[in-house]
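Step one of this worksheet: look at the structure below.
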Amino acid sequence: MGDPRVDHFRTQAAACDTLGSPLYAALIDRLADDLESGGPTHEVLVGYEHDSGPSALALRLMGAVHRLVLEGEAPDLAACYPSVGGDADADAAWLALRDLLARDRDRLLPLLDQAPQTNEVGRSAALLGGLLHIAREYRLPIWLHEIGASAGLNLRADHYRYVTGGADWGPEDSPVVLEDAWHGSPPPTDAKLDIVDRAGSDLAPIDPGRRDGRLRLLSYVWPDQTTRLARLRGALEISDRVPVTVRREDALSTVRRLALAPACVTVLWHSVMWQYLPRAERHAIDERLDALGSAATKRSVLARLTLEPQRRTPDAEHEFLVGLQCWPGERRILGVAAPHGVPTTWE
């Protein structure tokens, strides 16, 4: 019986290719070959024989390697990584990567146990657009809460610039510019958006104000996706001047603490995290929101805004749907987004 990690690596390589990272697609595919043949990849991953699939082992390994590149500890590989000015030569990168794995297992292992967290800023295109729909509909201040918030970068979504070629929104001098952010009928850019408070929670929150936190976030962005890296670096700059509290707390505990606010919309949002929660926790969160929503009124509103991979029907393929449920009100689909958020197509 073959090593299931090899299949996981090949699946991840194909996903990277589909999502626009030819460098990672090539490197992870070669890692699969090396793992199968008992090369340095196999030696680094001793002890991780049953660690594949949902644990994102391939991306954890590549994130650990990228961290060394960003810290200046892997100059030969850095010459091939566009994130630090390299040329994206996959053949040269593989030779340097294989040497690194053979030489630096002890430095990689402590990093390998960290779960990937990119806090993908592009997903603000979907979340901010949904927030504009809420602002137009209710014309009330917003109390914003996020579960699975990571470093809280998307909680600063109103400080980013969204460029659409006709319905641009956000500060013109923002260091985060989401080009081609919205397709279809754009969100109501004339809505008055008043966020009076914002806070998040995460099982393992990252402090964007610390060097270690910044390096961790950057290390999990694929190094040949320079637009994503630029967005992240801009968001880290904004985080220095826009404070946000992210509690170390599980999602259910956060939702249990939620309360309605008078003359406000209490908004809970989350993006690409729901699938990682245990089924029982998801069910308990849904029940708590329904119970809280039963006390909501048109002047004290509860809203749940989501960007999650879902099926519209049981037989349909997964899409990254922008969903909005308001209490009082009905659940509806506002649009569909690319996996990293840009573009979001509104319906």
Side-chain angles (χ1 to χ4, degrees), residues 5-37 39-42 44-45 48 52-53 55-105 107-108 111-112 114-123 178-180 214-236 272 338-343:
R5 295 173 301 175
V6 173
D7 291 336
H8 161 64
F9 274 57
R10 296 205 192 283
T11 299
Q12 185 61 66
C16 289
D17 187 51
T18 299
L19 295 173
S21 179
L23 179 61
Y24 262 20
L27 291 179
I28 295 175
D29 198 48
R30 295 190 191 191
L31 286 171
D33 292 339
D34 194 59
L35 177 61
E36 192 169 35
S37 65
T41 308
H42 179 273
V44 169
L45 297 180
Y48 294 87
S52 60
S55 71
L57 181 61
L59 293 181
R60 283 159 46 203
L61 176 58
M62 296 306 292
V65 168
H66 196 191
R67 171 70 176 256
L68 296 185
V69 171
L70 292 167
E71 290 184 301
E73 299 295 328
D76 291 342
L77 192 54
C80 309
Y81 267 36
S83 56
V84 289
D87 59 11
D89 183 329
D91 292 331
W94 168 243
L95 294 177
L97 174 56
R98 195 175 190 278
D99 287 345
L100 179 70
L101 295 175
R103 183 180 66 245
D104 288 326
R105 180 177 187 268
R107 286 200 296 173
L108 290 169
L111 302 172
L112 194 56
Q114 296 180 348
Q117 288 200 49
T118 61
N119 205 178
E120 179 54 57
V121 176
R123 291 176 183 143
L178 282 73
E179 299 281 356
D180 197 31
R214 291 173 181 243
L215 282 170
R216 185 173 176 189
L217 290 170
L218 288 164
S219 70
Y220 289 113
V221 179
W222 304 341
D224 53 344
Q225 295 196 325
T226 53
T227 298
R228 289 179 65 205
L229 285 160
R231 290 198 297 250
L232 176 53
R233 289 180 170 122
L236 292 172
V272 196
H340 295 139
V342 177

* **Nearest heavy atoms of A32 and F9, plus distance in Å** => CB-CB, 3.8 Å

* Where the side chain of H8 meets the backbone of L57, is there a donor-acceptor pair that is under 3.5 Å apart? -> yes

* Asked: What closest approach, in Å, do A90 and L23 show between heavy atoms, and which atom pair accounts for it?
  -> CA-CD1, 3.9 Å

* Identify the heavy atoms of A102 and P40 that sit nearest to each other, and give their distance. => N-CB, 3.8 Å

* **L101 versus V44, closest heavy-atom pair with distance** => O-CG2, 3.5 Å

* To do: Could you tell me whether a side-chain N or O of R60 sits under 3.5 Å from a main-chain N or O of A115, the two making a donor and an acceptor?
  => no

* Asked: How far apart are the closest heavy atoms of S83 and L70, and which atoms are they?
  -> OG-CD2, 4.4 Å

* To do: State whether the side chain of R123 and the backbone N or O of V342 hold a donor-acceptor pair below 3.5 Å, judged by distance alone.
  => no

* Between the side chain of R30 and the main-chain N/O of W94, is any donor-acceptor distance below 3.5 Å? -> no

* Keeping the roles fixed (side chain from E71, backbone from L215), state whether a donor-acceptor pair exists under 3.5 Å. => no

* Provide the closest heavy-atom pair for L77 versus A93 in the form atom of the first, atom of the second, distance. => CD1-O, 3.4 Å

* Asked: When you check the gap from the basic side-chain N to the acidic O, do E120 and R231 get nearer than 4.0 Å?
  -> yes

* Asked: Looking only at atom types and distance, does a side-chain atom of Q117 sit under 3.5 Å from a main-chain N or O of R216, one as donor and one as acceptor?
  -> no

* Asked: Which residue pairs pass the ring pair (Phe, Tyr, Trp, His ring centres under 6.0 Å) test when at least one of the two sits in residues 56-86, sequence neighbours left out?
  -> H66-Y81

* **Donor-acceptor pair, side chain of R107 and main chain of L68, under 3.5 angstrom** => no

